[in-house]
Amino acid sequence: MQRILAAHEREGDVAQSHHLYEDAAQYYQDALNLHGIVSEDHARISEKLAWALSLGRNPRSATPLFDRALDTYLHEPGEAEKTVKILLQRARQLWIDARTEAAIPLVEQAVEVANASATPNLRLLAADRMTDYLIGLDRYEEAEALLNATGKAHKRRAFAGTTNYCQKAMLAAASGRREEAIQDFEQAINAAKQDPDAFNLPLVWGSYAYWATILGDITLAISCYERALLVARQYHIPWHIAHLCIGYASCLSFSGQHGAAYEYLLEALVYQPHTPLMRTSLAGLGIPIALQVKDNVTLAKCAHRRAMHYAFRSGEPNRMARTTAAIAQWQHACGRAGAAQSLLHEVSERVKRIDIIWEFPIAVARFGALSDFPKARRLIGETPAARPELRQACNALFDAFAATRNGLESESQLKAHEAFGRFSALKWHGYADLANTLLRPLGISSSAERKHRPFGDLLSTLTPREQQVAKLVLKGHTNHAIADMLSIRERTVEAHMTSIMSHLGVRSRHQLVEHLT
């Protein structure tokens, strides 16, 4: 029996080392199923199984195993390192469960155990994780104070640069110090490339992409997401790939690349991300994309009935705001305008500051109660993370929708023109298109000025894939034929067509052909 046990464990270790976490979990489970396994072997392999499960498709399944391990180590003197690591992993399990605020007491307990130990690196590890959670909950002042307190210790630690620089970058971005944030992120990337924990590299690229989006640099954000996904695929961590895919999809949608955004949304769904954390991300980022391409099946998968509950439970202001904005848009599209207003009002009362400035306030201007307008507009002005040009663009779009809701058509047109120009300059073409929708009813579409531009200039405004689709449309091919020729789904072709027509200001295939010929 011992030889069989050792063989299963060895195979699990090999699979784990090759990032085949689900295979590793199966080997460890086979080992645990053997009859007559002693308690010492059972505890060791159970812990390995927990780590493998935590990196697989359903990381929540690891929670009971981590709980049992924690109960064991808390009562064993001399196990400070294992206790701290299990406490931090349990906190991470709560984060995956969209209970970020509930994770804080566990991290505090980890800090307490680490401080009582004689291991400086353990104390630093616990402090680093606390800083991460404080940043996630927008408690930036506390996070910065803790980071400053551990600054000297970081300099003495061999591979602390990755975490240190990344946290400094996030705090600089949250305070609107754009150049400093970019410099620190670049240093974090260089440190991560030398870090023995290779998994840190895609994490840093993902954080860089997220904050680049908030800072308003959509081109940089797209580039960072591409690199994050490239590295993450090497480590086969499904929930992480899904998380990056949905973030990348949202970023592409902001830039107006709706067809490509739809493709990455579908990829995120392939990984079956059933965690509450991913449910909120799919709702907040996926619903607008699914509505844009009019895919009710994908919309149903994104609009999980408990997504809003999970967002509130997380305690993260940005998660609440983003999820609320998307679900309100969905409710309004379903004819439930009153429900959309009530939800937006509830979050307006809860949220005092957000970094994601463009989604929630603009959702209030589009679907919320008029009485919530002043508070929502103040949120835009009180967000230091975003660059001034982005705040100005958001203010213009907010004012355009507010004027429309108040029946002030001339003011709405002026503000919509301003928003269109500002968002176009920032390459936020998705929001430029949204501004353009306010201009079309009066026939003042900003695309009218493009009518007489050369064919090549018109195509240059589209993505490479959209250009391929547009050229095939001009040759008379159907969506089905185009899908076969490009080896993509017909629904993806439809999404590209929606994006192309939105960019060029046309409403039908016939108008598109006329526009480009």
Side-chain angles (χ1 to χ4, degrees), residues 209-210 213-214 218 221-222 225 242-269 273 278-304 307-308 310-311 318-337 339-340 343-344 347 354-368 376 390 393-394 397-398 401 419 423 427-438 491-492 494-499 501-503:
Y210 173 80
T213 308
I214 290 176
I218 202 74
I222 287 174
Y225 271 122
H243 185 74
L244 289 172
C245 280
I246 187 62
Y248 189 27
S250 178
C251 206
L252 289 168
S253 181
F254 294 153
S255 70
Q257 301 178 53
H258 303 300
Y262 178 65
E263 290 184 47
Y264 278 96
L265 173 60
L266 293 179
E267 183 176 353
L269 289 166
M278 276 304 301
R279 289 296 185 193
T280 62
S281 294
L282 281 169
L285 303 175
I287 286 174
I289 298 171
L291 286 172
Q292 178 73 33
V293 300
K294 299 179 175 60
D295 183 348
N296 291 329
V297 174
T298 300
L299 179 61
K301 293 178 181 178
C302 293
H304 191 268
M308 201 64 246
Y310 294 146
N318 286 320
R319 191 172 296 279
M320 280 190 275
R322 170 171 267 169
T323 307
T324 300
I327 289 181
Q329 182 181 355
W330 170 57
Q331 289 176 330
H332 195 272
C334 294
R336 299 196 294 269
L343 182 58
L344 289 165
V347 176
I354 52 174
D355 293 315
I356 306 169
I357 67 170
W358 50 88
E359 294 168 298
F360 181 73
I362 291 173
V364 173
R366 294 175 71 189
F367 317 118
L390 183 56
C394 288
L397 186 56
F398 183 96
F401 277 109
F423 277 117
K427 299 184 179 179
W428 285 70
H429 299 300
Y431 277 86
D433 292 341
L434 185 57
N436 207 21
T437 61
L438 294 175
R491 175 70 74 176
T492 305
E494 294 172 5
H496 283 305
M497 286 295 296
T498 300
S499 181
M501 290 191 286
S502 177
H503 269 87

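Along the sequence shown, the residues carry numbers beginning at 1. The shown structure was predicted, so the numbers you read here are calculated from the model rather than taken from an experiment.
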Partners of Glu263 by salt bridge (Lys or Arg N to Asp or Glu O under 4.0 Å), sequence neighbours excluded?
none

Is there a side-chain contact between Pro361 and Ile354 in this structure, where contact means two heavy atoms from C-beta onward sitting under 4.5 Å apart?
yes

Could you check if a side-chain atom of Thr213 sits within less than 4.5 angstrom of a side-chain atom of Trp358, using non-hydrogen atoms only?
yes

When every non-hydrogen atom of Ala321 is compared with those of Phe360, the smallest separation belongs to O-CD1, 3.6 Å

How would you list, by chain and number, every residue that makes a side chain to side chain contact (heavy atoms under 4.5 Å, CB included) with Ala339, sequence neighbours excluded?
Gln331, Arg336

Between Trp428 and Phe254, how do the two ring planes meet: parallel, tilted or perpendicular, split at 30° and 60°?
parallel

Derivation and outcome, side chain to side chain contact (heavy atoms under 4.5 Å, CB included), residues Tyr310 and Thr323
CA-CA 10 Å; Tyr310 294 146; Thr323 307; over 6 Å; no

Which heavy atom of Ala283 sits nearest to which heavy atom of Ala307, and what is that distance?
CB-CB, 3.7 Å

Closest non-hydrogen contact found for Ile287 with Ala326 is CG2-O, 3.5 Å

Run the side chain to side chain donor-acceptor pair (under 3.5 Å) test against Thr324 and tell me which residues pass, sequence neighbours left out.
none

So CZ of Arg322 and CG of Asp355: to nearest 0.5 Å the spacing works out to 10.5 Å

Using 0.5 Å steps for rounding, measure from the NZ atom of Lys294 to the CD atom of Gln292.
6.5 Å

List the atom of Lys427, the atom of Ile218, and the distance in Å for their closest heavy-atom pair.
O-CG2, 3.6 Å

As an exercise, state the distance from CD of Gln257 to NE2 of His496, rounded to the nearest 0.5 Å.
9.5 Å

If you apply the rule side chain to side chain contact (heavy atoms under 4.5 Å, CB included), what do you find for His258 with Asp433, and how did you get there?
CA-CA 11 Å; His258 303 300; Asp433 292 341; 4.1 Å; yes

For Lys301 and Arg279, which heavy atoms make the closest approach, and how far apart are they?
O-NH1, 3.8 Å

CD/Gln329 to CG/Leu344 distance, rounded to the nearest 0.5 angstrom?
10.5 Å

Under the rule for side chain to side chain contact (heavy atoms under 4.5 Å, CB included), what residues qualify as partners of Ala419, not counting sequence neighbours?
Ala396, Leu397, Phe423, Ala435

Interatomic distance, Cys302 atom SG to Leu269 atom CG [nearest 0.5 angstrom]:
5.0 Å

Please report the shortest heavy-atom distance between Leu265 and Ala290, naming the atom on each side.
CD2-N, 4.3 Å

List for me each residue that meets ring-ring contact (aromatic ring centres under 6.0 Å, His included) alongside His304, sequence neighbours excluded, and say none if there are none.
none

Rounded distance [0.5 Å steps], CZ in Arg319 versus CD1 in Ile356:
8.5 Å

Per-pair distances, 0.1 Å, donor-acceptor, side chain in residues 242-252, under 3.5 Å, sequence neighbours excluded:
{"residue": "Tyr248", "atom": "OH", "partner": "Glu226", "partner atom": "OE2", "Å": "2.9"}

